[in-house]
Amino acid sequence: MRVNTTEFEASHGRKPRGRGLWFFELVTATGRKSCAANGIYSEALKHARRQAGYVGATEIVVGS
């Protein structure tokens with residue numbers, strides 16, 4: 001599954017990393033679903049990947 005960080009990088013000038021409140025959009029065939037997680041980026045991304053699997057998403061967009 002593709003993880004798109006373009007929007008985050010354009011907004012912050014760097015790749016996502018560190019601790020914070022992370023927002024993700026899960027792109028499905030029928031639209032987008034929101035997902036949020038608090039903590040370290042790598043752990044938050046794991047949470048987003050699990051949620052993406054549940055909804056059948058093909059891409060995860062990291063929010064800015």
Side-chain angles (χ1 to χ4, degrees):
M1 168 177 333
R2 183 173 189 269
V3 177
N4 183 339
T5 62
T6 305
E7 185 178 312
F8 182 91
E9 290 179 40
S11 177
H12 296 279
R14 63 177 174 82
K15 293 194 178 289
R17 66 178 188 269
R19 181 178 296 276
L21 179 57
W22 297 96
F23 293 96
F24 303 94
E25 287 189 351
L26 312 176
V27 181
T28 68
T30 58
R32 291 180 175 222
K33 301 200 181 288
S34 297
C35 173
N38 192 15
I40 298 170
Y41 173 71
S42 59
E43 293 299 316
L45 184 57
K46 285 180 188 177
H47 172 74
R49 286 183 191 274
R50 281 193 303 272
Q51 296 300 312
Y54 297 146
V55 299
T58 57
E59 180 180 18
I60 298 172
V61 178
V62 181
S64 56

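From a predicted model like this one, the values you see are computed outputs, not experimental measurements. Positions are given from 1, in the same order as the sequence printed here.
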Does a side-chain heavy-atom distance below 4.5 Å link V3 with R49?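 In contact.
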How far apart are the closest heavy atoms of [X] and [Y], and which atoms are they?
{"X": "N4", "Y": "E7", "answer": "OD1-N, 4.4 Å"}
{"X": "A48", "Y": "C35", "answer": "CA-SG, 4.0 Å"}
{"X": "L26", "Y": "A57", "answer": "CB-CB, 3.9 Å"}

Is there a path from [X] to [Y] through hydrophobic residues (I, L, V, M, F, W, Y) whose side chains come within less than 4.5 Å of each other?
{"X": "V62", "Y": "V55", "value": "yes"}
{"X": "I60", "Y": "W22", "value": "yes"}
{"X": "L45", "Y": "M1", "value": "yes"}

Atom pair CD/OG1 of E59 and T28 - distance to nearest 0.5 Å: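 One finds 11.0 Å between CD of E59 and OG1 of T28.
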How many angstroms lie between CZ in F24 and CZ in F8, if you round to the nearest 0.5 Å?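 Going from CZ on F24 over to CZ on F8, the span is 9.5 Å.
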Those residues that, when tested against R14, pass side-chain hydrogen bond (donor to acceptor under 3.5 Å, both in side chains) (two or more places apart):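 Once residues adjacent in sequence are excluded, R14 has no partner under the side-chain hydrogen bond (donor to acceptor under 3.5 Å, both in side chains) criterion.
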Applying salt bridge (Lys or Arg N to Asp or Glu O under 4.0 Å), can you list everything that pairs with R32, at least two apart in sequence or on another chain? E25
